[in-house]
Asker: 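A single structure is presented below for examination.
This structure is a prediction, so every number in the text was calculated from the model and none was measured.
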Amino acid sequence: MAVKKTVGLVLRRYPIRETSIVAVFYSPDVGKFSGILKGIRKDPKKFGSSVDIFTLNEVFFYPSRVSSLHLVSKCDLIRSYIGAVRPEDYKAAGSLMRLVDLVSPIGQTNSALFEMLLSCLELVGRIPRPILSRVFEIKLLDLVGFRPYLDGCVACLKRDIKQAWFSHSQGGLLCQSCKDRDPGATRLSAGMVMSIKTIEKMPLDKAVKVVFSKKDSLLLNGLLEDFLSYHVIPSFKRRFP
């Protein structure tokens, strides 16, 4: 089979056998895929990249016909997104990579998500971790097709609602008349709803400047984690809130 070429960001890597590693890449035109780099642990100079996490690489690989593990024949470093940074910055970047890894099926492309991930890695260390993570999660839900319904009541479809409750099980907002459909729904202020919708629509560099109070920030953190766990990633819990 002919060799394929793509650009891939290393989401994670792990050793296999005594001399090789498997790298999990995320690519705009291939999606998530795994590649084995034979002999790289024995001879690190065999490839043009050390294939570290947070690195963007030009990857040449032979697609396997019998498994999801492809043979990487060449891998050249394009850029490393994390250099000599603080440990907390590694945590921030790692949480973004882990989330993309968890939500991305093998081989399913999402070029917008790829570009957003690269843009967020650019901001690591410059934007506080909780802000960057919450903005990323809000936009990710939209990009992967799990955006909560925030344009009115998800039950009766009434658009202009004065008071709103957020329901994970119902997938969005409930009005006062419908809130009993989910006794565990959380009351949200109009300002909070507007802020979330604004972040969805804003470019990333502007969205990270949206300001929440400490109380609203904690509330949003919990809502996003619970929503991701309910609809996207069963039992999802952030390693680094």
Asker: Look only at the side chain of Thr198 and the backbone of Met194, and say whether a donor-acceptor pair between them is shorter than 3.5 Å.
Answerer: yes
Asker: What's the shortest heavy-atom distance between Ala93 and Phe54, and which atoms?
Answerer: CB-CE2, 3.4 Å
Asker: When you measure from the side chain of Lys139 to the backbone of Leu113, do you find a donor-acceptor pair of N or O atoms at a distance under 3.5 Å?
Answerer: no
Asker: Compare all side-chain heavy atoms of Pro63 with those of Lys4 and state whether any distance is below 4.5 angstrom.
Answerer: yes
Asker: For a quick test of reading the model, state the closest non-hydrogen atom pair linking Arg41 to Ser20 and the distance between them.
Answerer: CD-O, 3.0 Å
Asker: Counting only N and O atoms by type, is there a donor-acceptor contact under 3.5 Å from the side chain of Ser104 to the main-chain atoms of Val100?
Answerer: yes
Asker: Which heavy atom of Ile16 sits nearest to which heavy atom of Val22, and what is that distance?
Answerer: CG2-CG2, 3.8 Å
Asker: I'd like to know if Asp160 and Lys162 make a salt bridge, using a cut-off of under 4.0 Å between side-chain N and carboxylate O.
Answerer: yes
Asker: To the closest 0.5 Å, what do you measure between CD1 (Ile131) and CD1 (Ile199)?
Answerer: 9.5 Å
Asker: When you group the ILVMFWY residues by side-chain heavy-atom contacts below 4.5 Å and let the links chain together, are Leu174 and Leu188 in the same group?
Answerer: no
Asker: Would Val210 and Phe166 show up in the same hydrophobic cluster when neighbours are defined by side-chain heavy atoms closer than 4.5 Å?
Answerer: yes
Asker: Would you give the length of the straight line joining atom OH of Tyr14 to atom OG of Ser34, rounded to the nearest 0.5 angstrom?
Answerer: 5.0 Å
Asker: Does Glu200 pair with Lys197 as a salt bridge, N-O distance under 4.0 Å?
Answerer: no
Asker: What's the spacing between Leu228 CG and Leu140 CG if we round to 0.5 Å?
Answerer: 7.0 Å
Asker: Just by distance, no angles: are the side chains of Ser49 and Asp76 close enough, under 3.5 Å, to form a donor-acceptor pair?
Answerer: no
Asker: Any link between Leu150 and Met202 through a network of hydrophobic side chains (Ile, Leu, Val, Met, Phe, Trp, Tyr) touching at under 4.5 Å?
Answerer: yes
Asker: Has the side chain of Ser27 got a donor or acceptor atom that lies under 3.5 Å from a matching backbone atom of Val7?
Answerer: yes
Asker: What I'd like to find out is whether the side chain of Leu224 reaches to under 4.5 Å of the side chain of Leu141, using heavy atoms alone.
Answerer: yes
Asker: Taking Asp89 first and then Arg129, would you say they form a salt bridge - that is, a charged N and a carboxylate O separated by under 4.0 Å?
Answerer: no
Asker: For Pro28 and Thr109, which heavy atoms make the closest approach, and how far apart are they?
Answerer: O-CB, 3.8 Å
Asker: Indicate yes or no for a side-chain donor-acceptor contact from Ser95 to the backbone of Ala92 under 3.5 Å, with no hydrogens or angles considered.
Answerer: yes
Asker: Kindly indicate whether the side chain of Leu220, heavy atoms from C-beta on, has any atom under 4.5 Å from the side chain of Ile138.
Answerer: yes
Asker: Does the side chain of Asp29 reach to within under 4.5 Å of the side chain of Ser111, using non-hydrogen atoms?
Answerer: no
Asker: Side-chain contact, heavy-atom cut-off 4.5 Å: Cys75 with Phe60?
Answerer: no
Asker: To the closest 0.5 Å, what do you measure between CG (Leu56) and CZ (Phe114)?
Answerer: 5.0 Å
Asker: Please answer: with hydrophobic residues joined when any side-chain heavy atoms are less than 4.5 Å apart, are Leu9 and Ile78 in the same cluster?
Answerer: yes
Asker: Find out whether Cys175 and Cys156 are in side-chain contact, i.e. whether some heavy atom of one side chain is under 4.5 Å from a heavy atom of the other.
Answerer: yes
Asker: Does Lys214 reach the side chain of Phe212, with side-chain heavy atoms less than 4.5 Å apart?
Answerer: no
Asker: Using a side-chain heavy atom cutoff under 4.5 Å and only I, L, V, M, F, W and Y, what cluster partners does Phe61 have?
Answerer: Val10, Ile21, Phe25, Val30, Phe33, Leu37, Ile40, Phe47, Val51, Val59, Val72
Asker: Ignoring hydrogens and geometry, is there a side-chain-to-backbone donor-acceptor pair from Asn110 to Leu143 under 3.5 Å?
Answerer: yes
Asker: Considering all heavy atoms of both residues, which atom of Leu219 and which atom of Met192 are nearest to each other, and what is their separation?
Answerer: CD2-CE, 4.0 Å
Asker: Compare every heavy atom of Ser64 with every heavy atom of Val66, then report the nearest pair and how far apart it is.
Answerer: N-OG, 3.2 Å
Asker: Using the rule that two of Ile, Leu, Val, Met, Phe, Trp, Tyr join whenever any of their side-chain heavy atoms come within less than 4.5 Å, decide whether Leu223 and Val154 are in one cluster.
Answerer: no
Asker: Would a distance-only check, ignoring hydrogens and angles, find a side-chain to backbone donor-acceptor pair under 3.5 Å from Lys32 to Pro105?
Answerer: no
Asker: Show every ring-ring contact (aromatic ring centres under 6.0 Å, His included) that has at least one partner inside residues 122-164, sequence neighbours left out.
Answerer: none
Asker: Under 3.5 Å, side chain of Arg126 to main-chain N/O of Glu122, donor-acceptor pair present?
Answerer: yes
Asker: Tell me, do Leu132 and Val124 make a side-chain contact under 4.5 Å, heavy atoms counted?
Answerer: yes
Asker: Any chance you could measure Leu117, atom CG, to Met97, atom CE, to the nearest 0.5 Å?
Answerer: 6.0 Å
Asker: Counting N and O atoms only, with roles assigned by atom type, does the side chain of Thr6 sit under 3.5 Å from a partner on the main chain of Gly8, one being a donor and the other an acceptor?
Answerer: no
Asker: Out of curiosity, Leu99 CG to Asp101 CG, how far, rounded to the nearest 0.5 Å?
Answerer: 9.5 Å
Asker: Which of these, Arg13, Arg12, Arg79, sits in a salt bridge (Lys or Arg N to Asp or Glu O under 4.0 Å) with Asp52?
Answerer: Arg13
Asker: Take Asp151 and Leu173 through the side-chain contact (heavy atoms from CB on, under 4.5 Å) test and state the conclusion after the steps.
Answerer: CA-CA 8 Å; Asp151 300 320; Leu173 298 181; over 6 Å; no
